[in-house]
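What follows is one structure encoded as structure tokens, with my remarks underneath.
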Amino acid sequence: MSWRTIVIGTRAKLDLQLGYMVVRGERTTKVHISEMSVLIIESTEVSLTSALLAELVSNKIKIIFCDAKRNPCSELLPYYGSYDVSAKIKQQIAWNDKVKGEIGTAIIFNKIIMQSLVLKKLGFDTAEMLDVYAHQLEYRDATNREGHAAKVYFNSIFGQSFTRAEDNVSNSALNYGYSILLSACNREIVANGYLTQIGLIHDNIFNSFNLGSDIMEPLRPFVDFVVHDMLINRELEDFTTEEKHKLLSFLNMDVQIEDKKYVLNYAIKLYCKSVFDAINGNDVSLIKWCKFI
């Protein structure tokens with residue numbers, strides 16, 4: 001089972017050798033391809049061979065490239081994520097709008113519930129308000145309960161003056177974590193043979209990842225929780241390479257699906273697959289939600 005998130009943050013040359021990714025920098029390190037789940041190229045001074053890229057893609061390993069400021073700026077997605085990709089795309093295009101709306105609404109409901117759980121874990125009384133918002137949710141969130149919940153939620157854990165539009169280390173960390181989370185969901189969408197562009201509720205013509213943007217919503221609180229923890233422990237005075245590496249630990253958090261424990265990075269695979277099962281089977285109960293332990 002692939003499980004490792006590899007970050008290359010300094011000048012290096014990466015190539016393929018007998019099933020291993022070889023990292024040639026100040027020292028030479030080998031990582032077996034079968035162990036890898038995500039590869040993050042954090043430095044613009046890294047070079048890769050096309051043979052390695054082809055092998056990583058064929059093994060459905062997510063490859064994320066960062067810009068000169070070490071922020072995620074792009075990712076590599078394979079053309080073919082599944083042997084029956086043509087059938088899957090036809091199926092996706094034919095998804096019923098009402099069913100898409102029902103699944104999308106369930107995703108928003110679960111997101112608000114997860115935010116409420118974060119507030120309960122951190123001891124905030126405002127968790128009860130989010131529970132009310134969740135149960136007031138209408139089809140496709142016609143009354144914007146998600147927006148109301150977000151304001152209460154973020155003001156509770158990051159302070160009354162906090163806004164998501166502000167340029168600060170908290171938002172830098174959140175944006176970085178969300179980018180990695182989106183990439184993890186995109187990886188599973190493609191691996192299952194679907195297009196990332198066609199979403200459930202997200203429908204932005206300029207967004208290549210509408211479906212990933214939908215599916216990731218209930219998973220955002222895992223990032224929020226780690227960012228809050230780093231702030232409380234004064235580990236987020238700045239947002240440099242060290243802080244980014246600490247934040248990536250959210251992918252290794254233990255989470256619960258039904259009555260079993262999984263590492264989040266693997267749980268995302270199960271969750272995404274279950275979303276597609278729910279859409280194709282017109283049964284919201286098939287979704288395997290990831291929950292805090």
(message) Would Tyr271 and Leu219 count as a side-chain contact (heavy atoms from CB on, under 4.5 Å) here? Give the steps.
(response) CA-CA 10 Å; Tyr271 161 64; Leu219 304 174; 4.0 Å; yes
(request) Flag the pair Phe209 / Ile189 as yes when at least one side-chain heavy-atom distance between them is below 4.5 Å, and no otherwise. (result) no
(request) Please confirm whether the backbone N or O of Cys185 pairs with a side-chain atom of Glu188, one donor and one acceptor, at under 3.5 Å? (result) no
(message) Quick one: does any side-chain atom of Thr105 pair with a main-chain N or O of Arg140 as donor and acceptor, under 3.5 Å?
(response) yes
(request) Considering non-hydrogen atoms only, spot the tightest contact between Ile112 and Ala149 and give its length. (result) CG2-CB, 4.0 Å
(request) Could you give me the CA-CA distance, side-chain angles and deciding distance for Tyr178 and Asp224, then say whether side-chain hydrogen bond (donor to acceptor under 3.5 Å, both in side chains) is met? (result) CA-CA 9 Å; Tyr178 294 157; Asp224 305 335; 2.4 Å; yes
(request) Output yes when a side-chain donor or acceptor of Asn265 lies under 3.5 Å from a complementary backbone atom of Asn252, and no otherwise. (result) no
(message) With heavy-atom distances below 4.5 Å as the criterion, would you say the side chains of Phe124 and Val118 are in contact?
(response) no
(message) When you measure from the side chain of Ser116 to the backbone of Ala127, do you find a donor-acceptor pair of N or O atoms at a distance under 3.5 Å?
(response) yes
(request) Establish, yes or no, whether a centroid distance under 6.0 Å links the rings of Trp289 and Phe109. (result) no
(request) Indicate whether the side chain of Arg164 and that of Asn175 have a donor and an acceptor atom separated by less than 3.5 Å. (result) yes
(request) Would you please say whether a donor-acceptor pair under 3.5 Å links the side chains of Tyr194 and Gln91? (result) yes
(request) Taking only Lys NZ, Arg NE, NH1 and NH2, and the carboxylate oxygens of Asp or Glu, determine whether Glu75 and Lys62 approach each other closer than 4.0 Å. (result) yes
(message) When you measure from the side chain of Asn59 to the backbone of Glu55, do you find a donor-acceptor pair of N or O atoms at a distance under 3.5 Å?
(response) yes
(request) Show your reasoning for whether side-chain contact (heavy atoms from CB on, under 4.5 Å) applies to Tyr266 and Val255. (result) CA-CA 10 Å; Tyr266 182 71; Val255 303; over 6 Å; no
(request) Considering non-hydrogen atoms only, spot the tightest contact between Ser170 and Leu236 and give its length. (result) CA-CD2, 4.5 Å
(message) Under 3.5 Å, is there a donor on one side chain and an acceptor on the other for Ser43 and Thr10?
(response) no
(message) Does any part of the side chain of Leu39, heavy atoms only, come nearer than 4.5 Å to the side chain of Leu14, both counted from C-beta?
(response) yes
(request) Could you walk me through whether Val22 and Lys13 pass the side-chain contact (heavy atoms from CB on, under 4.5 Å) test, one step at a time? (result) CA-CA 8 Å; Val22 183; Lys13 179 179 179 181; over 6 Å; no
(message) Starting from Val99, can I reach Val275 by hopping between I/L/V/M/F/W/Y residues whose side chains sit under 4.5 Å apart?
(response) yes
(message) Any salt bridge linking Lys120 with Asp131? Criterion: basic side-chain nitrogen under 4.0 Å from a carboxylate oxygen.
(response) yes
(message) If you compare all heavy atoms of Leu76 against all heavy atoms of Val57, which two are closest, and at what distance to 0.1 Å?
(response) CD2-CG2, 3.5 Å
(message) Testing the basics here: between Pro221 and Met114, what is the closest heavy-atom pair and its distance to 0.1 Å?
(response) CG-CB, 3.7 Å
(request) Check for a donor-acceptor pair, side chain of Asn110 on one end and backbone N or O of Pro218 on the other, with a separation under 3.5 Å. (result) no
(request) Determine yes or no for a side-chain-to-main-chain donor-acceptor pair under 3.5 angstrom, with Asn171 supplying the side chain and Asp167 the backbone. (result) no
(message) When you compare the side chains of Arg187 and Ser37, does any donor N or O come within less than 3.5 Å of an acceptor on the partner?
(response) yes
(request) Could you point out which residue of Val38, Thr5, Val7, Leu182 forms a side-chain contact (heavy atoms from CB on, under 4.5 Å) with Ile64? (result) Val38
(message) Between Arg145 and Asp141, does any NZ, NE, NH1 or NH2 come within less than 4.0 Å of an OD or OE carboxylate oxygen?
(response) no
(message) Ignoring hydrogens, what is the shortest heavy-atom contact between Ile257 and Cys290? Give both atom names and the distance.
(response) CD1-SG, 4.0 Å
(message) Does this structure show an ion pair linking Asp277 with Lys273, if we count only N-O contacts that are shorter than 4.0 Å?
(response) yes
(request) Please step through side-chain contact (heavy atoms from CB on, under 4.5 Å) for the pair Phe154 and Thr163, ending with a clear verdict. (result) CA-CA 8 Å; Phe154 284 114; Thr163 66; over 6 Å; no
(request) Check whether any side-chain heavy atom of Ile33 lies under 4.5 Å from a side-chain heavy atom of Leu52, and answer yes or no. (result) yes
(request) Inspect the surroundings of OH in Tyr139 and state if more than 12 heavy atoms from other residues, nucleotides or ligands are less than 6.0 Å away. (result) yes
(message) Given 3.5 Å as the limit, does a donor-acceptor pair link the side chain of Lys88 with the main chain of Asn192, or not?
(response) yes
(request) Examine Phe225 together with Phe250 and report whether their ring centres are nearer than 6.0 Å. (result) no
(request) Would you tell me whether Asp238 and Thr240 have side-chain atoms, one donor and one acceptor, within less than 3.5 Å of each other? (result) no
(request) Work out which heavy atom in Ala184 is nearest to a heavy atom in Ile268; give both atom names and the distance. (result) CB-CD1, 4.0 Å
